Structure formats: structure tokens, C-alpha cells
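Note that the coordinates shown come from a computational prediction; the quantities given were computed from them, not determined experimentally.
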Amino acid sequence: MTAAGTTQDGLVRSRQLVLGEMLSRVARAYPDKTAVIFEDESLTYSQLNSRVNRLAHALAKRGVGRGDKVAVLMFNRLQVVESYFACQKLGACPVPVNFRLVDAEIAFILENSDSVAVLVDAELEQLARDSVAASPDIRFALTLGNHRDRLFEGFEEAISASSDEEPEADVSQDDLAFLMYTSGTTGRPKGAMLTHQNLMANTINWTIEMEAGHDDVWLSGLPLFHIGGVNGVLPFIFLGGTCVITPSTNFDAASSLRDLARYEVTMCYFVPTQWQQICSLPETADIDTSRLRKALWGASQAPKSTLELLVSTFPSVGIVNAFGQTEMSSNTTFLKPADAVRKMGSVGKPAVNVEVRVVDEDMHDVGPGEIGEIVYRGWTVMKGYYKNPEATAEAFDGGWFHSGDLVTFDDEGFITVVDRKKDMIISGGENVYPAEVERVLDAHPAVAEVTVIGVSHPKWVETPVAIVVPAQEVADASSLESELIEHARAHLASYKKPSRVVFVSELPRNAAGKILRRELRDTYANLFPEGSM
């Protein structure tokens, strides 16, 4: 390489913003500051960085390098954060896997992502083994469990046997920092390619919008396989703040409330169903949450009653609606405290460094009050869908990223979500695509036709309901309904199964033969009346 070439390469590297270096820098600046807390465990920045480096060396020793994909199948815990940063320091790409998926769904992600390794929780080890059995490209797994064999090695043993020196790796800000799988409208999930630049840009955007600082303590009720969970942690590590990680199963509202006081939390995030439970606790008035200054919510739209309860329960706390999606790394708009009550129901205005338009089918801008699709440009837009050029081309048609969200905006520029263009259902904060559920139910011999819609639910905000045309006359509707729900449960994550199955003689269609989902949603809007749960 010529001297000029060497200089140019050095110049490029010196201007990169990558996640691994972010952690190293903060560990040097605040070595003794508490970085992350989970239940009775905590790590300072020095300890976190040391364990991340050791894990990175352990992965490198086993052949993981720049560009390799490493699946992470764990419940919320400190090792998830360690796994993500260890991969990123090598230029490898972590693939967060939703632990609620069944083995066939996980096997698809392992194969589609070209993952070469799996980092797995003890309680999820059997699920991982069943999934890996169908994934010949997996070279090894590191497990927090106690079962060892040729393929599954010990996570902690691998860390203990490795150096804590900073790994030497050439990492570019255009390298993949995460491969995040989102449910697909064709029934198969798609891997959103998020780069280091994407995540660093979103981290900076979030920090600016939320006016976060070094002294903030963050707590989130989101799982760390979720982009919202990831993007709760990153801004506070960027700032040298403290992150409190909560258990990702069996949400305990009382425990979460106590943690807000115990750790003197200043900012937190819960989905609407979690906020409803927290605010309904009798002891809320007696718990000292005086340090709390911002309470965020999102992932699904909240009933007005929940928002009113949140505002009245925490009257001195700034309420924020954080809106976005995985492909945008993720935050795109914020409804901030000053407008939380006045514009209740809105998702606010675009985040800094996120360019927004609201357009019709021909990419023409619509006016205030008109329904259109919100499309985006900016540093946080994903690189594309992994190994899916057709979906990528469709998503970026016209030079903007198409969100699939139908919105309106008012004369002040506040955006309100009206519907989801592709009929996605958000149940308890989790995305459910009807086509995925339909594909499973359609394979059952008792089903002639099926469509799945989202229906309002007092607990989950929205829940899937299957509208089925049976293949033959139904003798026992209740029995067949239970059978179909169990069939879905066996092939999909539990939260994706329909809460109800309704049998009809035919599905309503328009002149072109398209099923009229909106008509079905109107017909069954009151299937789960308030107070029925």
C-alpha cells in the first residue's frame, strides 16, 4: 500500500463512529461509575468493558470475525449487553432473537441470517438446541447453562479464559451493528440491517431530544431483543449514565415501581399495558419517585384512559410518547412533555436529523388533515433488508423509506397515526403481522379461508382475531376454536396466536376480490368490551 493510501485509510478510520469504541471511551472516562444493573448484579464501566473484551477474544478464538453474524437468544440480563458489544468490537453483527418464538421460527432466523454462533441463556438452551439442529452453519454455542458437549460451551468459562485487552479489529461505521428481524407481511420475518452509523445517529438524536445527561439513571420495561430495548441502553452508555435492566418475563408492576425509587431512576420507559398496571397500584402514591423527570411510553398506541391515568399519577413528571420502528433505528418522532396533554393521541413531531414527508400513493405530499403514508430520510434509515432485494427496493421506492404507517398531521405539524398500511397488529407492545398467522391457520384442514385482524383489547390494547370460513359444517364451534388457537400456539410465538376465532360463511370482499379488513374490524370492534377481562 502506498503512503498516500495508508494516510487515506487512517483518515477514514479516525472519523468513524462505532459502538465498541464508544464503550471503551466511556470506560476510560468513568471507570468506577455503575454502568448496568440487573436484579442483584451490577457492573462498573471498567468491569463491563473488561468482560466485553474477554468475550470478544473468546469469539475471535472460535473464528468469529468482521461481518460474521452471531445470534443472541437470552432473557434480559447483563450478558445480553456484553454479547452485543463483544460482537461489535470485532466488527461482527449480533442478531437478537425473540425468546418467545418457537424452534422453527428461530431456525429460520439462524439460517436466513447466516449466523455462525449462538449465545444462549440457560433456560433457553433446549430451545436453542432444537433450533440449531436445523441450522448446519452454526459452528458453536456459548451457553449460560450447565450442559456441555461438542457444540455447546460455557459462556462464563470462555470469558474467564480470555484476555481483557482491547481487541484489534478494523470496524467501519458502515458495518452492521445489528441485524434485527421484524415480522414480514408475506409471513416470513425480514432482517433489518442497522449499521454503527445508524445506531450512533439515533443515540445522539435521542440524547438531544430527551435532554439526557451523565447523571441520568434509565430503567426500561422492554426486552433487549427489541430495538426499543437496545435504544434505551445505548444513549446512557454513550453519556456515562446508568442503565437498570428489568426482567423480560412475568412483568411485575409493583417491583418495577419499587425499582424506580430504589435506583433513583430519572427516566423510564414502559408500554401502555405496563403503565396501566403501575399506575393502578394503591402504593404508587407512597413510593418516592421524586427523582423521576421523564416517563416514556410507546410500542403501541395507548387508550386515552391510560394516558390520563399516567398524567394524573405522575403530575410532576414529563410524559413522552416515543414513536418509531426497527428500520429507522428506531425513533422518528417524539411528543414531548410540553404538549403531552394538549396533543394527547399524537406521536408528536419529527426527531432531529430525521426528515419526514406524508405522501399519497403517487408520492405527492398531502395537506394537513389528509391521510397519507409517513416516509423518512436521514442517518438512522436502515441499510436495507438482509438478502431481500425485492423488499428493500419496495421499501425505498422513490428515494424515501416507506414506513407503512398511515398518518395525518395538523396545522402545527403534530403527527397522528391513523392506521397501519399493511395491517400490522401491535399486541402488548409486540408486532404481529396477520399474514404470518394466516399462513399457519390456513394449513389446518378445517380451514377453507382465513383472515386475521386486530381488535381492541382492554389489556393488550390490540389482539389478533381470526375470521375463518370453515372447510365443512362446524358441529362444535367452541371445540374447533380451541383447536385452531392451539394449532397456532404450536407453530408461532404465543403472543401471535388469535385470542378468538370467529366462524363465518364468507369473507367480505370488494369488487377486485380484496378482503375488506376495515369492515371486519368495524364489525368485531367490541368483541372484547372494557372490563371483560
Side-chain angles (χ1 to χ4, degrees), residues 16-23 36 52 55-56 59 64-74 76-77 79-99 101 106 109-110 112-120 169 171-184 189-206 220 222-238 243 245 248 299 324-332 378-388 391-392 395 401 431:
Q16 302 292 321
L17 285 172
V18 294
L19 297 176
E21 290 180 3
M22 176 185 80
L23 174 61
V36 285
V52 165
L55 180 55
L59 294 175
V64 175
R66 183 177 181 182
D68 283 332
K69 315 299 187 303
V70 177
V72 181
L73 177 60
M74 294 187 187
N76 277 11
R77 56 173 58 254
Q79 287 88 344
V80 178
V81 178
E82 295 167 356
S83 298
Y84 291 167
F85 276 110
C87 292
Q88 290 153 357
K89 284 202 175 192
L90 295 175
C93 175
V95 182
V97 180
N98 184 340
F99 51 76
L101 303 180
I106 294 173
I109 290 174
L110 297 182
N112 185 261
S113 66
D114 300 315
S115 288
V116 300
V118 183
L119 309 181
V120 62
V171 184
S172 165
Q173 65 184 12
D174 200 43
D175 288 344
L176 297 190
F178 284 99
L179 185 58
M180 287 275 188
Y181 275 80
T182 65
S183 296
K190 297 176 290 188
M193 297 186 288
L194 305 180
T195 68
H196 286 260
Q197 177 178 278
N198 288 154
L199 273 299
M200 286 299 303
N202 187 80
T203 294
I204 293 168
N205 291 357
W206 199 101
S220 170
L222 288 174
L224 289 172
F225 66 72
H226 193 289
I227 188 63
V230 168
N231 280 324
V233 171
L234 289 181
F236 295 91
I237 289 182
F238 172 71
C243 302
I245 297 168
S248 45
Q325 63 188 106
T326 302
E327 292 90 338
M328 286 298 296
S329 306
S330 61
N331 299 114
T332 59
W379 290 334
T380 61
V381 179
M382 69 169 181
K383 197 172 185 176
Y385 291 115
Y386 189 63
K387 296 195 306 189
N388 198 334
T392 300
F401 172 69
N431 294 352

Original post:
Any idea which heavy atoms bring Ala86 and Leu59 closest together, and the distance?
Top reply: CB-CD1, 4.3 Å
**OP:** Could you tell me whether the side chain of Asn202 and the main chain of Asn331 form a donor-acceptor pair under 3.5 Å?
**Re:** yes
Subject >> Shortest non-hydrogen contact between Ser329 and Asn198, atoms and distance >> reply: OG-CB, 3.3 Å
Subject >> Considering all heavy atoms, the nearest Asn76-Ile245 contact >> reply: CB-CG2, 3.8 Å
Original post:
For Cys93 and Met193, what are the C-alpha separation, side-chain angles and deciding distance, and is it a side chain to side chain contact (heavy atoms under 4.5 Å, CB included)?
Top reply: CA-CA 10 Å; Cys93 175; Met193 297 186 288; over 6 Å; no
Original post:
For the residue pair Pro96 and Leu179, what are the closest heavy atoms and their distance?
Top reply: CD-O, 3.5 Å
Subject >> Pairwise distance CD(Gln16) to CG(Asp175) - rounded to 0.5 angstrom >> reply: 8.5 Å
**OP:** Drop me the distance from Lys190's NZ to Asn112's CG, to the nearest 0.5 angstrom.
**Re:** 12.0 Å
**OP:** Quick one: pull up CG in Asn98 and CE in Met180 and give me the separation to the nearest 0.5 Å.
**Re:** 11.0 Å
Subject >> Tyr386 versus Asp114, side-chain donor and acceptor atoms under 3.5 Å >> reply: yes
Original post:
Are any side-chain N or O atoms of Lys387 and backbone N or O atoms of Tyr385, one a donor and one an acceptor, separated by less than 3.5 Å?
Top reply: no
Original post:
Given side chains that start at C-beta, do those of Leu119 and Val70 come closer than 4.5 Å, heavy atoms only?
Top reply: yes
Subject >> Test log, rule side chain to side chain contact (heavy atoms under 4.5 Å, CB included), inputs His196 and Ser172 >> reply: CA-CA 8 Å; His196 286 260; Ser172 165; over 6 Å; no
Subject >> Minimum-distance pair of heavy atoms, taken over all atoms of Val81 and Ile237 >> reply: CG1-CD1, 4.3 Å
Original post:
Do Gln88 and Val171 come within less than 4.5 Å of each other through their side chains, counting heavy atoms only?
Top reply: no
Original post:
Do the non-hydrogen side-chain atoms of Met200 and Gln173 ever get within less than 4.5 Å of each other?
Top reply: no
Original post:
So do the side chains of Lys89 and Leu55 get within less than 4.5 Å of each other, counting heavy atoms only?
Top reply: no
**OP:** For Thr332 and Gly324, work out which heavy atoms get closest and say how close.
**Re:** OG1-CA, 3.5 Å
Original post:
If only atom types and distance count, is the side chain of Tyr84 paired as donor or acceptor with the main-chain N or O of Leu224 below 3.5 Å?
Top reply: yes
Original post:
Should Asn431 and Gln325 be marked as a side chain to side chain contact (heavy atoms under 4.5 Å, CB included) after you check the CA-CA gap, both sets of side-chain angles, and the distance that decides it?
Top reply: CA-CA 10 Å; Asn431 294 352; Gln325 63 188 106; over 6 Å; no
**OP:** Could you go through the side chain to side chain contact (heavy atoms under 4.5 Å, CB included) check for Met328 and Val381 one step at a time?
**Re:** CA-CA 5 Å; Met328 286 298 296; Val381 179; 3.6 Å; yes
Original post:
Can you find a pair of side-chain heavy atoms, one from Tyr181 and one from Phe225, that are under 4.5 Å apart?
Top reply: no
Original post:
Does the side chain of Leu199 reach to within under 4.5 Å of the side chain of Asn231, using non-hydrogen atoms?
Top reply: yes
**OP:** Could you check if a side-chain atom of Ile106 sits within less than 4.5 angstrom of a side-chain atom of Leu73, using non-hydrogen atoms only?
**Re:** yes
**OP:** Any chance you could measure Thr326, atom OG1, to Ile227, atom CD1, to the nearest 0.5 Å?
**Re:** 6.0 Å
